[in-house]
Amino acid sequence: MFGSKIDLFDKEWLDVVFAKKNKSYGAYELRKDNGANTTKALFLASAVFIFLFFLPKIVDLIKGQMPEEEIVKQTEVVMAPPPPVDPKTPPPPPVEPPPPKTDQIKFPPPIVKPDDQVRDEDPPQVEQLKAADPGQKTIEGDPGADIVVVGPVGEGPKQAAVVEDTKVYDFVSIETQPGFPGGMDKFYAYLGKAIRYPPMAQENNIQGKVFCSFVVEKDGRLTDIKVERKLGGGTDEEAVRVLKASPKWTPGIQNGKPVRVKYNIPISFTLSN
């Protein structure tokens, strides 16, 4: 036994080495399964090596079976330059307009000439003008011809553009100031009936004036209503509300025409005892 080759991992030697020892500790199992684990590792490493060795060929084979992408060839087209313009070539003749629908009798405007250049030419008779229109020369009309306007026949009188005056004037710089129908006493009477004292202002005894501004339009409407100086407690919103609900005013007048006018007014809020 001692003359032969000794295999330290053989099961008989393992039993001799681990005799009377704790075999469940782990070393006994590792030495026992060492041969099988080494064989498995060898086969696994060989398989991975062979796969990596043949991987480029496998990739080329897969690419060869895939359809090739169609390559679009681009062709550059060079346009020939246009032929040069020959200055000796005459331009095409202008297109003559079609004949008029009605006959025309020559009726040119009078031209003052020297006596030696004056030729006696009878003017068209009244009977001829009844059946034809006057023109620069005598033309036989074609009843079936189309009416064609060759070009502009002239410039008529240009109408002035109407520009609306949207400027907002100050009420102290115009001829006639805007106003409430019946006067400002009627306006303050309207405010006294229309204003609803805000409950928050009543509870906090808020009294005073709210200064507002607005624009009296050309038709008397009140627009662009703003609070210039606030009082608080809901009085500012109430002042804007009654101004929006106000009847139309009489518009301001400037140069005899109604214009837009900015107006400033204070609205008083007072609690009675």
Group every Ile, Leu, Val, Met, Phe, Trp and Tyr by side-chain heavy-atom contacts under 4.5 Å, then state whether [X] and [Y] land in the same group.
{"X": "Val240", "Y": "Leu231", "answer": "yes"}
{"X": "Leu191", "Y": "Leu271", "answer": "yes"}
{"X": "Tyr188", "Y": "Tyr190", "answer": "yes"}
{"X": "Ile267", "Y": "Tyr197", "answer": "yes"}

Quick note, side chain to side chain donor-acceptor pair (under 3.5 Å) partners involving residues 246-266, not counting sequence neighbours, are Glu217-Arg260, Ser246-Trp249
Side chain to side chain donor-acceptor pair (under 3.5 Å) contacts in which one or both residues fall within residues 169-186, not counting sequence neighbours = Asp165-Tyr169
Heavy-atom closest pair (Asn204 atom, Met200 atom, distance to 0.1 Å) is ND2-O, 2.7 Å
Write down the atom of Gly252, the atom of Ile174, and the distance for their closest heavy-atom approach.
-> CA-CD1, 3.9 Å
Begin from the C-alpha positions of Val261 and Val215 and carry the test side-chain contact (heavy atoms from CB on, under 4.5 Å) through to its verdict.
-> CA-CA 5 Å; Val261 182; Val215 175; over 6 Å; no
Drop me the distance from [X]'s [atom1] to [Y]'s [atom2], to the nearest 0.5 angstrom.
{"X": "Ile265", "Y": "Phe180", "atom1": "CD1", "atom2": "CZ", "result": "10.0 Å"}
{"X": "Leu55", "Y": "Ile50", "atom1": "CG", "atom2": "CD1", "result": "13.5 Å"}
{"X": "Leu243", "Y": "Thr223", "atom1": "CG", "atom2": "OG1", "result": "11.5 Å"}
{"X": "Gln202", "Y": "Thr235", "atom1": "CD", "atom2": "OG1", "result": "12.0 Å"}
{"X": "Lys209", "Y": "Thr270", "atom1": "NZ", "atom2": "OG1", "result": "8.5 Å"}

Kindly assign one of parallel, tilted or perpendicular to the pair Phe53 and Phe49, based on the angle between their ring planes and the thresholds 30° and 60°.
-> parallel
Exam field: side chain Glu238 to backbone Ile195, donor-acceptor pair closer than 3.5 Å = no
Side chain of Asp236, backbone of Val227: donor and acceptor closer than 3.5 Å?
-> no
More than 12 foreign heavy atoms under 6.0 Å from CZ of Arg241: is that the case here?
-> yes
Side chain to side chain donor-acceptor pair (under 3.5 Å) partners for Ser213, two or more places apart | Glu228
